[in-house]
Asks: 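Questions regarding the structure given below will be posed in turn.
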Amino acid sequence: MSTVETITQVAEAIPKALKLRSADEEKADQPKEEYRYAHLLPVFPQDEHYDPLVPFEHVDPGLRALSHPNPRSFLDNATSIVQLTPHLGEEVRGVNLAQLDSDGRDQVALEVARRGLVVFRDQQDFIDRGPEFYLEWGRHFGRLHIHPTSGHPAGYPEVHLVYRDESSTFNFEQNNSITSTGWHSDVSYELQPPGTTTFFLLSQPTTGGDTGFTSQVAALKKLSPQFVAFLKTLKAVHSGYEQADYSRQGRRGGVVRREPVENVHPIVRKHPVTGEEALYVNRQFTRYIVGLKRQESDAILRLLYDHIDKSADIQARAKWEPGTVVLWDNRITAHTAIADYVETGQRRHGARITPQAERPIPAQEGLDLTPPDRRPFYYQQL
Ligand SMILES: O=C(O)CCC(=O)C(=O)O
Ligand SMILES: [Fe+2]
């Protein structure tokens, strides 16, 4: 036996003799620590089916706050209010959302409509109250949407979850795209898409996983008046078909709880409370502009998507701290997950409460929103 072999054998024998074990071996043997929010992990029951959504009348809570003598009085005890950017976003500390009464919640709706995005810090109380409370909170802002394909906590289909850890993901699958950003307004294919939306993280990576937001009001204002005047005459088809197909291919959780729909929305919509006009197209769900030729529709949508993607001067990032609850108005903003942390394998677990609002109001009065007879052959995702 050579000297080298002898040394190797001795070196291997020492840890065994001393019962030295690697950190990984130690970890594998320890009982797994119960995850605090294990009861809120996503489930995808295969037998869950819902009928098509029926139209309902939405009265926006922000409207009630308009007639309040001081519609920002819910912020009276705030310890800090910071405007995140000139065009959208506000960060509030020192206000306990969970303790707001109906009047305070109306004011929140108005504040979110005005700032597009409001980041509330120190909301552990809200998060700890659990799913029954989340639903009660959300119902104040509109009829709660049940997502057709995403995961939800067992027994709470109205709570839409995003989830990723080292061994599983139900979001942010690799789709061979150079970037993971995907600006969108949530479920814009519904006839009555969401308004005041609440989202928070139950578990977050040590860094990364921010959420990006942009103002669709500012995006519209940056365009020339002539182009805006033309856009106001246009409407587009938004589709839930590809999202459903994706699940039917066995991806995400592999469920489709409600048959997908397509709906026609104005390209420029008007907010029912503030009267502000906003661009309402997004790469994820908008498919084509009704009545235009294929190349015209593709060119205009691409231009608008590029504008939304690139305009960092009207974007803000919500950086998550434990206990942060974020509200955005889906009618006048777009947002994107930022999947920059995925290589770390760290857990990110988020919950969204998604109240539906009014059918989008066209900025141009009287715009005919009758759906086209049939889908043109050039139907595609840009
Ligand atoms: O995970 C995020 O940061 C955002 C996810 C998202 O787009 C949503 O839940 O609506
Ligand atoms: Fe979203």
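When a ligand or atom number is given, it counts from 1 through the structure's own listing order. Each residue takes its place number in the sequence, starting with 1.
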Asks: Verify, without hydrogens or angle tests, whether Ser150 (side chain) and His147 (backbone) share a donor-acceptor contact under 3.5 angstrom.
Replies: no
Asks: Side chain of Thr336, backbone of Gly182: donor and acceptor closer than 3.5 Å?
Replies: yes
Asks: Can you figure out which of Gly209, Ala337, Ala334 has its heavy atom closest to atom 4 (C) of ligand 1?
Replies: Ala337
Asks: In the hydrophobic clustering that connects Ile, Leu, Val, Met, Phe, Trp and Tyr at side-chain heavy-atom distances below 4.5 Å, which members other than Phe285 occupy its cluster, ordered by chain and number?
Replies: Val187, Tyr189, Val261
Asks: Just which atoms of ligand 1 are under 4.0 Å from any heavy atom in Asp186?
Replies: 10 (O)
Asks: Among all residues two or more places apart in sequence or in another chain, which pass the side-chain contact (heavy atoms from CB on, under 4.5 Å) test with Arg317?
Replies: Asp210, Ile338, Asp340
Asks: Within 45 degrees of the ring normal and closer than 6.0 Å to the centroid, is that where the cationic atom of Arg294 sits relative to Tyr288?
Replies: no
Asks: Looking at the rings of Phe213 and Trp183, which for Trp means the six-membered one, are their centres under 6.0 Å apart?
Replies: no
Asks: Hey, which atoms in ligand 1 end up nearer than 4.0 Å to a heavy atom of Val162?
Replies: 1 (O), 5 (C), 9 (O)
Asks: Looking at Glu365, I want to see if its CD is surrounded by more than 12 non-hydrogen atoms of other residues, nucleotides or ligands under 6.0 Å.
Replies: no
Asks: Ignoring angles and geometry beyond distance, decide whether Trp320 reaches within less than 3.5 Å of ligand 1 through its nitrogen or oxygen atoms.
Replies: no
Asks: Is there at least one pair of N or O atoms, one from His335 and one from ligand 1, spaced under 3.5 Å apart?
Replies: yes
Asks: Can you confirm whether or not the ring centre of His184 sits under 6.0 Å from the ring centre of His335?
Replies: yes
Asks: Between Arg257 and Tyr50, is NZ or CZ placed under 6.0 angstrom from the six-membered ring centre and within 45° of the ring axis?
Replies: no
Asks: His160 to ligand 1: N or O pair under 3.5 Å?
Replies: yes
Asks: Out of all atoms in ligand 1, which are within 4.0 Å of some heavy atom of His184? Include the element for each.
Replies: 7 (O)
Asks: Leaving waters out, which protein N, O or S atoms fall under 2.8 Å from the Fe ion (ligand 2)?
Replies: His184 NE2, Asp186 OD1, His335 NE2
Asks: Partners of Pro131 by side-chain contact (heavy atoms from CB on, under 4.5 Å), sequence neighbours excluded?
Replies: Leu40, Tyr134, Tyr156
Asks: Arg352 to ligand 1: N or O pair under 3.5 Å?
Replies: yes
